[in-house]
A.B. asks: 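There's a structure below that I have some questions on.
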Number of protein chains: 2
Amino acid sequence: MPTKRSALLREAPIPEMQGLLQGEPSPVGGRREAGKAERRRAIIKAARELIRETGNAGLSMRALAARAGVSLATPYNLFGSKRAIVVAMLQDVREFHEQFSAKRPADPIDRIFLALDTAIELYVGDPPFYRTLWTAVFDASEGMREEILGPKGDAFWRGLVDEAAASGALREGVNPNLIGQHLDFIRRSAMFEWAVGLIPAERLAATARLGYAFILAGAVTDDRRQKLFAAVTEAQRRLA
Amino acid sequence: MPTKRSALLREAPIPEMQGLLQGEPSPVGGRREAGKAERRRAIIKAARELIRETGNAGLSMRALAARAGVSLATPYNLFGSKRAIVVAMLQDVREFHEQFSAKRPADPIDRIFLALDTAIELYVGDPPFYRTLWTAVFDASEGMREEILGPKGDAFWRGLVDEAAASGALREGVNPNLIGQHLDFIRRSAMFEWAVGLIPAERLAATARLGYAFILAGAVTDDRRQKLFAAVTEAQRRLA
DNA sequence: TCTTTTGTAGTAACATGTTCTAAATTTCGG
DNA sequence: CCGAAATTTAGAACATGTTACTACAAAAGA
């Protein structure tokens with residue numbers, strides 16, 4: 001259990017983190033902010049390398065600081081905690097959005113499944129890395145979890161459901177937000193089980209798809225249900 | 001990150017743990033085993049008290065050992081790790097089974113919902129305690145997680161679904177095990193979000209019920225679907 | 001009863017995440 | 001260019017989970 005002696009100085013919200021990780025130029029920063037950004041990048045890069053080389057076990061703050069060429073205190077100044085660093089890596093979803101945007105949109109329900117597949121493909125493509133990250137997600141302190149797990153972190157996925165709702169794919173009276181929440185539950189649980197080794201990579205996609213299909217079958221209009229039943233059958237076949 | 005210097009001596013499977021926590025007498029043990037059992041009980045008891053009094057933060061191994069009246073090394077000999085101790089507390093499901101058995105069984109689908117409600121009621125009845133425990137679940141090391149999260153740990157829940165399947169409530173071709181898995185996903189996710197504070201206690205039951213209803217609606221025979229749609233509507237109303 | 005085995009007490013030690021301090025360095029405003 | 005403010009550095013320090021080790025007590029087996 002980490003020490004919590006004052007817990008006031010660090011723990012900063014790190015307002016620019018998002019922007020730095022997703023976009024290119026630092027918002028408006030002077031030279032000072034640029035330096036911080038560079039150090040942040042160096043730290044993230046070092047963390048990536050360490051995870052790739054030695055797994056999560058090798059990612060100690062002392063090793064990380066040494067590798068990034070900064071002092072041990074600096075990662076704490078810039079990120080607040082080790083967890084925040086890992087979370088920052090997971091939030092860098094550029095790659096996913098590129099992959100997803102490259103493919104053709106389609107029926108809103110199909111889009112949901114496509115996004116699911118794309119994300120899983122990405123994760124499974126680099127198991128040691130994403131496994132570590134996902135494990136860390138469930139290990140994160142309360143504040144962090146909200147960042148990734150809360151509605152905010154899942155905004156992209158909720159948007160997909162909203163599209164489906166807007167196009168009239170959902171049954172009268174079902175709340176898209178609640179559907180989205182439960183799809184998130186499924187996706188996260190599946191990722192979690194994969195991360196800890198309870199689900200092998202080959203079964204991950206089919207497992208998540210099955211859960212999605214179940215839930216959507218319960219939420220979709222009557223005329224679309226058969227298609228989702230077919231998705232259930234198909235996913236079950238792959239899991240047989 | 002914990003030290004992993006040899007990781008061979010401790011980490012024992014602790015074969016009798018289950019029995020000790022659930023049943024009364026130690027399996028066949030001589031006097032030696034009885035002593036161990038007593039120490040185990042003392043440790044669990046001390047852990048409970050410490051969590052209740054000070055929250056998870058106060059549960060340090062040194063404090064625990066002192067309170068239990070054993071040496072610091074003893075909890076490691078008996079449980080293997082701090083996490084294993086917390087997990088042992090969560091596995092003590094006697095109370096739940098008593099509560100559940102006390103109620104009348106019913107339609108197999110109703111039984112599933114009843115079990116869900118009963119479990120959640122139990123957890124919400126003692127938030128500081130179960131919150132800590134559930135948080136620890138997602139914090140557990142790989143071996144531990146399997147213990148609680150794997151099919152084995154969820155055997156009770158899977159059994160309920162099997163009953164439903166046996167009574168012909170499920171659509172042709174749906175695999176009860178896979179249904180059970182996804183119900184587990186929902187339940188765990190909901191518990192997790194409650195544990196970390198993303199879902200308030202008042203919404204927990206309705207949230208989990210909604211997910212169950214969605215999934216079961218996608219899995220059940222046509223004649224039973226309307227009832228589950230009603231459950232969806234009802235749960236949504238409570239969440240409005 | 002005597003010997004062997006098993007398990008604990010007691011305690012030191014280690015690695016790690018985290019915080020703190022003072023000094024050094026860098027940036028910024030003027 | 002200068003002083004003030006902000007940050008980093010280096011290193012010590014702390015709490016904690018965990019392991020190692022020795023001495024000792026108690027049970028088991030002969």
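In what follows, chains are A, B, ... by sequence order, proteins preceding strands, each numbered from 1.
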A.B. asks: Choose from D:dT18, D:dT8, D:dA12 the nucleotide whose nearest atom is closest to any side-chain atom of A:L72.
C.D. replies: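 Nearest to the side-chain atoms of A:L72, counting from C-beta on, is D:dA12.
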
A.B. asks: Using a strict threshold of under 4.0 Å (side-chain N to carboxylate O), is an ion pair present between A:K103 and A:E98?
C.D. replies: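 Salt bridge: no.
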
A.B. asks: Which whole-number value in Å describes the distance from B:L59 CG to D:dA15 P?
C.D. replies: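 Taking atom P of D:dA15 as the reference, CG of B:L59 is at 17 Å.
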
A.B. asks: Any chance you could measure B:I186, atom CD1, to A:I186, atom CD1, to the nearest 0.5 Å?
C.D. replies: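 Here the interatomic distance stands at 4.0 Å.
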
A.B. asks: Which of the following nucleotides, C:dG17, C:dA13, D:dA10, is nearest to the side chain of A:K82?
C.D. replies: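 Nearest listed nucleotide: C:dG17.
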
A.B. asks: Please determine, by modelled atom types, if B:R187 and B:Y212 share a side-chain donor-acceptor pair under 3.5 angstrom.
C.D. replies: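 Yes.
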
A.B. asks: Which nucleotide in the set C:dT11, D:dT18, D:dA13 lies at the smallest distance from any side-chain heavy atom of A:R62?
C.D. replies: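 So the nucleotide nearest the side chain must be D:dA13.
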
A.B. asks: In whole Å, what is the span from the CG atom of A:L50 to the P atom of C:dT16?
C.D. replies: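 My rounded result for the distance is 12 Å.
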
A.B. asks: Pairs under 3.5 angstrom, nitrogen or oxygen only, protein versus nucleotides 1-5 of chain D, please.
C.D. replies:
none

A.B. asks: Please report the distance, rounded to the nearest Å, between CG in A:L78 and P in D:dA6.
C.D. replies: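 It is 16 Å, rounded to the nearest whole Å.
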
A.B. asks: Please report, rounded to the nearest Å, how far the P atom of D:dT9 is from the OH atom of A:Y76.
C.D. replies: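 Value for this atom pair: 15 Å.
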
A.B. asks: Which residues in residues 63-70 of chain A have a heavy atom closer than 4.0 Å to any atom of DNA chain C?
C.D. replies: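 DNA chain C contact set from residues 63-70 of chain A: none.
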
A.B. asks: Working note: A:F185 + A:H182, criterion ring-ring contact (aromatic ring centres under 6.0 Å, His included); need CA distance, chi angles, decisive distance, verdict.
C.D. replies: CA-CA 5 Å; A:F185 283 179; A:H182 286 280; 5.1 Å; yes

A.B. asks: Run the salt bridge (Lys or Arg N to Asp or Glu O under 4.0 Å) check on A:K45 and A:E38 step by step: do they pass?
C.D. replies: CA-CA 10 Å; A:K45 179 158 168 280; A:E38 188 156 354; over 6 Å; no

A.B. asks: Nearest whole angstrom, please: distance from the P of C:dT27 to the CD of A:E38.
C.D. replies: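 So the CD-P distance, A:E38 to C:dT27, works out to 11 Å.
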
A.B. asks: State whether the side chain of A:T74 and the backbone N or O of A:V70 hold a donor-acceptor pair below 3.5 Å, judged by distance alone.
C.D. replies: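 Such a contact is absent between A:T74 side chain and A:V70 backbone.
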
A.B. asks: With respect to the side chain of A:S60, which nucleotide from C:dT8, C:dT16, C:dA13 is positioned closest?
C.D. replies: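 Closest nucleotide to the A:S60 side chain: C:dT16.
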
A.B. asks: Find out whether the Lys NZ or Arg CZ of A:R52 is both under 6.0 angstrom from the six-membered ring centre of A:F129 and within 45° of the ring's axis.
C.D. replies: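 Yes, a cation-pi geometry holds between A:R52 and A:F129.
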
A.B. asks: Test salt bridge (Lys or Arg N to Asp or Glu O under 4.0 Å) on A:R67 and A:E53 and set out the steps.
C.D. replies: CA-CA 12 Å; A:R67 181 105 179 198; A:E53 288 167 23; 2.8 Å; yes

A.B. asks: Tell me every residue that passes side-chain hydrogen bond (donor to acceptor under 3.5 Å, both in side chains) with A:R111, counting only those two or more places apart in sequence or in another chain.
C.D. replies: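 Expected list: A:E163.
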
A.B. asks: Closest to the A:R39 side chain: D:dT8, C:dT11, C:dT8?
C.D. replies: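 Of the options given, the side chain of A:R39 lies nearest D:dT8.
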
A.B. asks: With a 4.0 Å cutoff (strictly under), does any side-chain N or O of B:N77 reach OP1 or OP2 of C:dG7?
C.D. replies: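 Indeed not, no polar side-chain atom of B:N77 lies that close.
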
A.B. asks: 5'-most contact on DNA chain C: B:S71 or A:M61, nearest heavy atom basis?
C.D. replies: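 Its nearest nucleotide lies further toward 5', so the answer is B:S71.
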
